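Report on the following structure.
This one's a predicted model, so the numbers in the text were calculated from it and none came from an experiment. Letters A, B, ... mirror the listed sequences (proteins, then strands); counts begin at 1.
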There are 2 protein chains.
Amino acid sequence: MPDTKQRIQDVARELFARQGYTGTSMADIAGRLSITPAALYYHYKSKADVLDALLAEPLAAYAELATRAAELAPADLLAAFVDFTARAHTVIPVVTSDPAVRDRLDERFPSSPKEMMVAVIAALAGPDPDRAALIRAHAAFAVAKEATAAVLATRTLESPDRDEILASALRALTA
Amino acid sequence: MPDTKQRIQDVARELFARQGYTGTSMADIAGRLSITPAALYYHYKSKADVLDALLAEPLAAYAELATRAAELAPADLLAAFVDFTARAHTVIPVVTSDPAVRDRLDERFPSSPKEMMVAVIAALAGPDPDRAALIRAHAAFAVAKEATAAVLATRTLESPDRDEILASALRALTA
DNA sequence: GTCTATACTTAGATAGAC
DNA sequence: GTCTATCTAAGTATAGAC
């Protein structure tokens with residue numbers, strides 16, 4: 001990928017995460033790069049196109065994880081999900097902090113993040129889960145996602161913290 | 001509160017939650033009520049004013065909880081937080097799904113949701129917490145918030161589900 | 001590859017009639 | 001309490017020069 005496209009993505013990712021996709025204008029992105037909004041349209045044909053380029057790779061990684069979810073033991077699935085969350089942590093707020101982004105993903109991709117989350121939760125809940133098992137699956141998922149995000153807000157994710165998160169998530173899962 | 005103001009708040013709360021505050025126009029709100037945008041300005045002096053009216057009560061309830069947090073045992077604090085989440089579940093997406101709302105609350109209220117969350121986490125982590133204890137506190141907080149939201153997405157929160165959530169959150173908290 | 005200029009649209013908000 | 005009409009600002013996007 002050419003250098004300019006990469007720099008546009010980097011700036012857009014940061015601004016979309018901080019201000020939301022709807023709350024970020026092409027002028028905001030251009031201003032950060034000290035170019036005019038019109039120049040952005042040489043590299044991307046629309047604002048939505050910048051978003052798509054930004055999300056493509058993390059979304060594919062999430063889809064891959066969701067596909068393997070059913071085959072993995074809960075501990076391994078939670079570990080894989082924590083690692084995914086750590087790798088994707090700069091884009092996750094882009095998706096979660098703007099309903100317009102979620103809507104776009106729902107209509108544009110066959111498997112949206114929402115559906116992938118459902119697959120992971122189902123795998124954690126096990127076969128024929130009752131309501132309590134589903135709650136525990138949601139709980140473990142929440143721990144893996146939010147505790148990882150909390151750590152990454154202040155530093156990189158090292159082994160001791162990762163182990164603590166996984167142990168906590170497993171306790172939440174297992175009655 | 002007059003009937004019309006109440007109906008404006010109800011519609012605004014639903015649309016802000018579904019489309020985000022930034023992604024919802026006064027025309028959207030007015031259209032749902034079959035009036036013109038101009039009519040809204042007789043009841044509220046600005047769009048931000050509608051938001052403030054909507055959040056005032058839940059925010060006060062959260063502040064009250066945050067104040068009592070240090071005095072409560074972890075199990076009682078988690079129970080209180082689950083119950084708060086259940087009561088406020090229609091407005092929580094309004095705050096979480098739009099960075100513009102969070103920014104506004106940060107500058108407009110002395111104690112923003114972020115600071116209140118920190119107070120709750122600190123109480124759950126106990127005195128002089130190490131990194132592991134902070135992670136477990138974040139984990140328990142995440143369970144209480146997300147598992148409650150998951151249940152409320154499909155039905156009301158009844159005792160068995162509430163008990164399951166609290167048990168899971170406590171396991172996440174306690175090594 | 002970036003600029004200036006501009007077309008087009010939508011949004012927040014106000015004035016004044018009814 | 002709601003309407004029509006309107007102002008202003010901002011946003012996405014394009015055309016064409018450099």
Using OP1 and OP2 only, check whether a side-chain N or O of B:Thr36 sits under 4.0 Å from D:dT2. no
Using OP1 and OP2 only, check whether a side-chain N or O of B:Tyr42 sits under 4.0 Å from D:dG1. yes
Letter per nucleotide, 5' to 3', of nucleotides 11-18 of chain D [B base touched, S only sugar-phosphate touched, - untouched; heavy atoms, 4.0 Å]: SSBB----
Please enumerate all residues that pass side-chain hydrogen bond (donor to acceptor under 3.5 Å, both in side chains) together with A:Thr85, with sequence neighbours excluded. none
Could you tell me the separation between the [atom1] atom of [X] and the [atom2] atom of [N], rounded to a whole number of Å?
X	N	atom1	atom2	value
B:Arg32	D:dT2	CZ	C1'	20 Å
A:Ile29	C:dT2	CD1	C1'	17 Å
B:Tyr44	C:dA13	OH	P	14 Å
B:Ile8	D:dT2	CD1	P	7 Å

Enumerate the residue pairs fulfilling side chain to side chain donor-acceptor pair (under 3.5 Å) with a member in residues 68-83 of chain B, sequence neighbours excluded, ordered by first and then second residue. B:Asp83-B:Arg162
Can you list every side chain to side chain donor-acceptor pair (under 3.5 Å) pair that touches residues 119-139 of chain B, not counting sequence neighbours? A:Asp161-B:Arg131, A:Glu164-B:Arg136
Results of side chain to side chain contact (heavy atoms under 4.5 Å, CB included) for B:Asp10 - residues two or more places apart only: B:Gln6, B:Arg13
I'd like to check the ring pair (Phe, Tyr, Trp, His ring centres under 6.0 Å) partners of A:Phe84; sequence neighbours left out, ordered by chain and number. A:Tyr62
Are side-chain N/O atoms of A:Thr156 and A:Glu158 paired as donor and acceptor at under 3.5 Å? yes
